[in-house]
Amino acid sequence: MINNFDEVVNRRNTYSVKWDGGKMIKEMGLTERYDEDTIPLFTADMDLPVPNALVKALHKTVDNRIYGYSIFPDEYYEAIQYWFKKRHDWEIERDHIVYSPGTVHAMNMAIRAFSEPGEGVIIQRPVYPPFTSAIEGNGRTVVNNPLQCDENGYYTIDFADFERKASDSSTKMFLLCNPHNPTGRNFRKEELQRLADICKKHDVLIVADEIHGDLIRCNEQFIPMAKIADNDLLITLTAISKTFNVAGLHCTNAIIPNLKLRKQFLKTMGYQMASPFTISALIAVYREGEEWLEDLKAYIDGTMEMVKKFIDKNMPKVKVTIPEGTYIMWMDFSAYNITPEEVHDRIYNRANVLLEDGSMFGEEGKAYQRICIPSPRSIIQTALERMAKEFEDLQ
């Protein structure tokens with residue numbers, strides 16, 4: 001491994017939401033305690049340094065000394081096409097690529113463009129909270145097709161329930177999260193095919209959030225929905241934000257093969273321009289970031305093994321599995337037989353570790369905590385030790 005992900009980079013006083021946003025985080029109600037000793041592992045960005053090629057590209061942009069309105073050069077589109085063909089054997093036509101300043105932003109635009117107030121949008125809880133807020137915030141109706149969890153913590157799709165809900169004439173859209181956040185499922189070809197077939201049968205538009213698609217375990221293969229579904233009923237959201245730890249550069253690309261859908265999406269969203277830093281970043285990482293990504297995946301896989309081993313030994317009542325995708329682990333605390341509020345208090349206030357309460361992801365997540373683990377292992381180890389200490393009396 002060439003990249004040193006064990007290096008602890010001090011992110012305090014860098015405008016970081018995780019490390020400098022304590023006041024805001026408390027006001028949002030995520031935690032009661034946040035101080036200089038808090039270990040924040042609650043949000044999906046990494047405490048790991050980005051590829052050197054990206055740093056060099058941004059330095060080159062800085063050295064230009066002027067940061068005005070920017071165009072999308074040919075190299076921008078070519079880099080996207082190169083990456084997805086090489087990594088996922090997915091051929092993307094240039095005209096199908098639409099820039100958006102964020103994935104949640106793109107999701108909101110799709111909901112506004114392709115549904116009317118009161119109409120239904122399917123999601124699969126427990127799921128990333130902005131899926132719910134994007135639907136409800138735009139006056140649409142949440143249609144929940146909850147994932148089914150077995151005794152081993154493995155989640156599957158209830159297809160019978162999915163088809164019942166897709167068949168309702170008021171259901172217009174399905175927001176697919178794959179790899180799934182927070183359960184970590186990397187859905188198989190057969191699962192994606194069944195979802196696609198049902199949606200086509202009932203004329204339900206699929207909006208596929210695939211921004212974790214590059215962050216899968218080293219022995220896994222990710223399959224874009226675009227290789228499965230009818231592309232006339234599909235919008236795919238991709239991004240460099242999670243893969244390369246550049247969420248602050250606001251770079252999502254919606255892949256919209258159908259011209260009518262693409263025009264309507266663009267009409268709803270309006271013209272969007274990226275900063276020169278965003279453009280430089282995407283070209284650099286998609287052209288030169290593959291070796292770094294392979295090192296990152298191996299490091300995250302190792303960290304997950306470490307977390308799993310620690311939890312099994314020191315907090316055996318917590319059920320946690322190594323996910324197929326994402327850098328998120330989904331921990332089930334139900335065997336302690338204490339309230340979610342007490343679980344929260346022991347972790348957030350006593351251990352001073354900031355995770356995310358599972359209830360944020362839907363009723364199905366009430367007994368859970370979500371932990372984001374792409375930090376140096378020394379930070380993760382300290383957080384785990386603090387947590388284990390606060391549950392010793394319940395073992």
Side-chain angles (χ1 to χ4, degrees), residues 1-24 40 43-84 86-87 92 94 97-106 211-212 214-215 237-254 269-297 299-300 327 372 374-376 379:
M1 182 178 290
I2 297 173
N3 295 277
N4 178 22
F5 295 119
D6 284 324
E7 176 190 0
V8 177
V9 178
N10 183 7
R11 296 186 64 191
R12 295 197 186 274
N13 300 313
T14 64
Y15 322 117
S16 164
V17 168
K18 283 174 71 171
W19 296 93
D20 297 322
K23 180 180 178 182
M24 177 189 72
T43 194
D45 74 0
M46 305 189 223
D47 296 319
L48 307 174
V50 300
N52 287 332
L54 171 56
V55 176
K56 290 178 182 178
L58 294 180
H59 274 300
K60 183 178 179 180
T61 303
V62 167
D63 290 342
N64 290 333
R65 299 183 295 158
I66 297 174
Y67 317 115
Y69 297 123
S70 301
I71 63 165
F72 292 100
D74 291 341
E75 292 88 347
Y76 181 89
Y77 298 99
E78 290 165 359
I80 295 169
Q81 293 171 310
Y82 169 81
W83 181 263
F84 285 97
K86 190 171 191 299
R87 297 290 298 186
I92 298 175
R94 172 178 172 146
I97 301 169
V98 177
Y99 168 79
S100 167
T103 303
V104 174
H105 177 268
I211 66 172
H212 289 275
D214 290 309
L215 294 169
L237 306 180
T238 72
I240 60 173
S241 55
K242 304 304 180 191
T243 305
F244 295 103
N245 198 26
V246 289
L249 292 181
H250 301 289
C251 187
T252 291
N253 290 287
M269 180 174 67
Y271 185 66
Q272 299 287 335
M273 290 187 292
S275 81
F277 298 97
T278 298
I279 295 166
S280 298
L282 180 137
I283 295 169
V285 296
Y286 277 168
R287 285 294 184 182
E288 303 178 70
E290 192 166 26
E291 184 177 26
W292 177 91
L293 177 59
E294 291 305 313
D295 281 354
L296 173 74
K297 287 172 60 181
Y299 189 81
I300 289 173
Y327 47 56
C372 295
S375 298
I379 292 176

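Here CG of L282 is found 11.5 Å from CD of E75. Values are rounded to the nearest 0.5 Å. One finds the CD1 atom of I240 at 8.5 Å from the CG atom of N253 (value rounded to the nearest 0.5 Å). The CD1 atom of I80 sits 10.0 Å away from the CZ atom of R94 when rounded to the nearest 0.5 Å. Rounding to the nearest 0.5 angstrom, the gap separating the CG atom in D20 from the OG1 atom in T14 is 5.0 Å. Distance check, rounded to the nearest 0.5 Å: CG of D214 to CD of E294 gives 9.5 Å. To the nearest 0.5 angstrom, T61 atom OG1 is 9.0 Å from I283 atom CD1.
Using a 30° and 60° split on the angle between ring planes, F5 and Y299 fall in the tilted class, from 30° to 60°.
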Could you go through the side-chain contact (heavy atoms from CB on, under 4.5 Å) check for F277 and L58 one step at a time? CA-CA 6 Å; F277 298 97; L58 294 180; 4.0 Å; yes
Kindly determine whether I2 and D295 satisfy side-chain contact (heavy atoms from CB on, under 4.5 Å), including the steps that lead there. CA-CA 7 Å; I2 297 173; D295 281 354; 3.8 Å; yes
Please test K18 against S375 for side-chain contact (heavy atoms from CB on, under 4.5 Å), starting from the C-alpha separation and ending with a verdict. CA-CA 12 Å; K18 283 174 71 171; S375 298; 4.1 Å; yes
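The local environment of CD in E291 is sparse, with at most 12 non-hydrogen atoms from other residues, nucleotides or ligands closer than 6.0 Å.
Using modelled atom types, no side-chain atom of T243 and backbone atom of S241 make a donor-acceptor pair closer than 3.5 Å. Counting only distance, with no hydrogens or angles, the side chain of N3 and the backbone of L296 share no donor-acceptor pair below 3.5 Å.
Of all heavy-atom pairs between L48 and P374, the closest is CG-O, 3.4 Å. Here the closest heavy-atom approach between residue E288 and residue A53 is recorded as CB-CB, 3.7 Å. What you find for A284 and A57 is that their closest heavy atoms are CB-CB, 3.6 Å. Between M24 and V17, the shortest heavy-atom distance links the atoms CE-CG1, 3.8 Å. Here the shortest heavy-atom pairing between P276 and G68 reads CD-O, 3.9 Å. Residues A44 and Y327 approach most closely at O-OH, 2.9 Å, considering heavy atoms.
Taking the side chain as every heavy atom from C-beta outward, Y67 and V62 approach each other to under 4.5 Å. You'll find the side chain of P51 reaches within 4.5 Å of the side chain of F244, heavy atoms only. Looking at L215 and L293, their side chains come closer than 4.5 Å, going by heavy atoms from C-beta outward.
Remark: E290 pairs with K86, R87 by the side chain to side chain donor-acceptor pair (under 3.5 Å) rule, at least two apart or across chains.
Under the salt bridge (charged side-chain N to carboxylate O under 4.0 Å, His left out) criterion, the residue pairs touching residues 2-14 are R11-D45, R11-D47, with sequence neighbours excluded.
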Would you be so kind as to tabulate the donor-acceptor pairs closer than 3.5 Å made by side chains of residues 97-104, with sequence neighbours excluded?
residue : atom : partner : partner atom : Å
Y99     : OH   : H250    : O            : 2.7
S100    : OG   : G102    : N            : 3.3
S100    : OG   : G102    : O            : 2.8
S100    : OG   : H105    : ND1          : 3.2
T103    : OG1  : T252    : OG1          : 2.8

